[in-house]
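Just so we're on the same page: letters track the sequence lines, and every chain starts at 1. Computed from a predicted structure; not experimentally measured. Hydrogens, waters and symmetry mates play no part in the numbers below; they use all other heavy atoms, side chains included.
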There are 2 protein chains.
Amino acid sequence: MASSTIRICIVEDDNIIRNGFALLINSTFGYRIVNTYGNCEDAIKNLFQDEPDVVLMDIELPGMSGIEGIEKIKRLRPKTDIIVVTVYDNPQLVFEALCAGAGGYLTKNMQPARLLEAIKDIREGGAPMSTQIARMVVSSFQKNRNSPLTPRETEVLELLAKGKSYSTIADDLFVDKETIRTHIKNIYWKLEVHSKAEAIEKALKDKLI
Amino acid sequence: MASSTIRICIVEDDNIIRNGFALLINSTFGYRIVNTYGNCEDAIKNLFQDEPDVVLMDIELPGMSGIEGIEKIKRLRPKTDIIVVTVYDNPQLVFEALCAGAGGYLTKNMQPARLLEAIKDIREGGAPMSTQIARMVVSSFQKNRNSPLTPRETEVLELLAKGKSYSTIADDLFVDKETIRTHIKNIYWKLEVHSKAEAIEKALKDKLI
DNA sequence: TCTGGAATCACCCCATATGGGGGATTACGG
DNA sequence: CCGTAATCCCCCATATGGGGTGATTCCAGA
């Protein structure tokens with residue numbers, strides 16, 4: 001791909017912000033705003049006329065939410081890179097946006113120049129994120145370091161969470177099925193649960209596995 | 001916390017690189033190398049003498065691997081921030097490192113100055129990553145957009161993966177247990193599997209859920 | 001040296017979950 | 001009008017889960 005001008009759409013219901021971003025981007029060489037919208041519906045309608053390389057997407061919008069918008073745009077035109085630009089930084093929303101297909105996530109307290117960097121970054125295969133968002137994302141991988149479970153019990157719980165049966169787990173760990181049953185009983189007791197579903201739910205919630 | 005000098009340890013078996021990093025960091029105001037090591041064992045032994053704020057950790061090391069090292073350091077002294085600095089960028093290793101407790105991940109093709117930024121970043125609550133690593137991490141959240149499953153089937157599979165039983169799923173979705181059974185039969189047929197465990201395994205592998 | 005936790009294995013009972021087979025109806029959209 | 005999705009129903013054999021109780025080995029910390 002030649003390093004031609006990057007085509008950008010903005011979906012943002014605040015006029016001031018939308019025009020501010022547009023002005024900044026349009027006045028920079030190599031970047032071009034092809035269209036701006038106050039809602040997802042209109043942006044999606046014109047997706048194949050606009051042919052944006054990058055969409056800057058707000059989350060709270062009139063009508064369709066930004067999350068839904070991301071999903072639809074990625075479904076219709078997967079090569080479109082989407083960067084969320086929002087004031088919201090709660091983990092729930094961040095993960096929903098990333099699952100939906102966002103390739104970057106910036107909070108609006110950034111330096112304006114960061115926006116240009118981010119657009120360049122995502123086009124080059126990166127995933128631009130504000131620092132607190134990056135930390136949130138990385139933290140989501142990390143296990144609870146104060147697990148009440150023994151290493152062996154954790155191992156058993158992991159296999160249980162993969163849907164394996166007692167006997168399959170026993171085979172995987174080269175022990176008897178009865179041993180697994182004992183481990184699971186101990187796990188249930190420690191986690192104060194009484195079934196697989198509860199155990200897995202609690203384990204995921206507390207990041208024990 | 002006052003913005004005092006940041007105390008840094010390096011664990012890296014290549015002398016040239018280790019000394020290069022040390023020189024760069026020590027010659028920068030506000031940063032101080034308290035010790036450098038060629039292996040994890042020695043670094044861990046001196047952890048409470050060194051009291052590092054940040055550890056720069058290589059992955060491939062003689063003796064204990066960097067991954068194990070990260071785990072041990074975070075267990076012994078959780079407030080230590082660890083940045084992986086390595087040539088390896090395969091997803092397996094990246095996720096293992098992050099799960100073990102790494103707070104950042106840089107590949108060695110970075111600009112040297114990036115190292116200083118990264119150290120500052122992680123101390124300020126960020127999660128410094130090379131661009132390709134960030135993309136890898138973000139991609140890991142995104143679902144397969146070509147799932148053979150219907151939305152309803154996906155929903156059922158998600159609950160199944162949470163360890164729920166047929167009847168619990170039925171209750172959750174306000175339908176009959178038999179409906180769930182039919183969905184699951186169809187899921188098994190589409191995924192070409194014959195049990196819960198296989199279905200969940202395949203679903204996770206193909207990012208269907 | 002003693003104690004306790006971790007990990008292992010065993011046997012009991014019994015309800016229900018599971019997987020495979022068959023067939024059926026409604027409802028929506030191209 | 002046809003196909004697909006979603007819903008529901010039946011039968012059946014077996015696997016599995018959950019609860020109870022008890023025991024052995026081994027290792028590390030008090």
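Among the nucleotides dC9(D), dG19(C), dT8(C), the one closest to the side chain of T179(A) is dT8(C). Of all nucleotides listed (dC10(D), dA7(C), dC9(C)), dC9(C) comes nearest to the side chain of V175(A). Here dT18(C) is the nucleotide among dG19(C), dC8(D), dT18(C) with the atom lying nearest to any side-chain atom of K177(B). Of the candidate nucleotides dA7(C), dT16(D), dG19(C), dT16(D) has the atom nearest to the side chain of S167(A). For T150(A), taking side-chain heavy atoms from C-beta onward, the closest of the listed nucleotides dA6(D), dA7(C), dG21(C) is dA7(C).
Note on Y166(A): a side-chain N or O is less than 4.0 Å away from OP1 or OP2 of dG18(D). At the phosphate of dG20(C), neither OP1 nor OP2 sits under 4.0 Å from any side-chain N or O atom of K185(B). Distances shown here put every side-chain N or O of K196(A) at or beyond 4.0 Å from the OP1 or OP2 atom of dG18(D). In this model, the phosphate group of dT16(C) is not approached by any side-chain N or O of S165(B) to a distance below 4.0 Å at OP1 or OP2.
Here the P atom of nucleotide dG21(C) and the OH atom of Y188(B) are 13 Å apart, to the nearest Å. Computed from coordinates, the W189(B) CH2 to dA6(D) P distance equals 15 Å when rounded to whole Å. Distance D176(A) CG to dA6(C) P: 21 Å, rounded to the nearest Å. Residue N186(A) contributes atom CG, which lies 9 Å from atom P of dA6(C) at whole-angstrom precision. Note: CD1 (I187(A)) to P (dA6(C)) measures 12 Å, nearest angstrom. Atom CD of E153(A) and atom P of dA7(C) are 6 Å apart (whole Å). Nucleotide dT18(C) holds its P atom 13 Å from the CG atom of L159(B), rounded to whole Å. With rounding to whole Å, R181(A) atom CZ is found 8 Å from dG19(D) atom C1'.
Atom CG of L47(A) sits about 6.0 Å away from atom CD1 of I73(A), to the nearest 0.5 Å.
Residue-environment remark: CZ (F48(B)) exceeds the threshold of 12 foreign heavy atoms within 6.0 Å. Residue Q49(B) qualifies as enclosed at atom CD: its count of foreign heavy atoms under 6.0 Å is above 12. The number of heavy-atom neighbours closer than 6.0 Å to NZ of K120(B), taken from other residues, nucleotides and ligands shown, is 12 or below.
Between the side chain of R75(B) and the backbone N or O of R145(A) there is no donor-acceptor pair closer than 3.5 Å.
Of the two residues near DNA chain D, H194(A) and T182(A), the one whose nearest nucleotide lies more 5' is H194(A). Residue K190(A) is the one, among F174(A) and K190(A), whose nearest nucleotide of DNA chain C lies closer to the 5' end (criterion: closest heavy atom). Between S195(A) and E178(B), the residue anchored nearer the 5' end of DNA chain D, judged by the nucleotide with its closest heavy atom, is E178(B).
Judged by distance alone, the side chains of T107(B) and Q132(B) do bring a donor and an acceptor atom under 3.5 Å apart.
Judged by distance alone with a 3.5 Å cut-off, no donor-acceptor contact links the side chain of R152(A) to the base of dG5(C).
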- prompt: Taking it one step at a time, do R135(A) and D89(A) satisfy salt bridge (charged side-chain N to carboxylate O under 4.0 Å, His left out)?
  reply: CA-CA 11 Å; R135(A) 170 60 65 107; D89(A) 67 346; over 6 Å; no
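Relative orientation of the F141(A) and F141(B) rings is perpendicular, given thresholds of 30° and 60° on the angle between their planes.
End-to-end axis angle of the helix from dT1(C)-dA30(D) to dG30(C)-dC1(D), using five pairs per end and rounding to 10°, comes to 60°.
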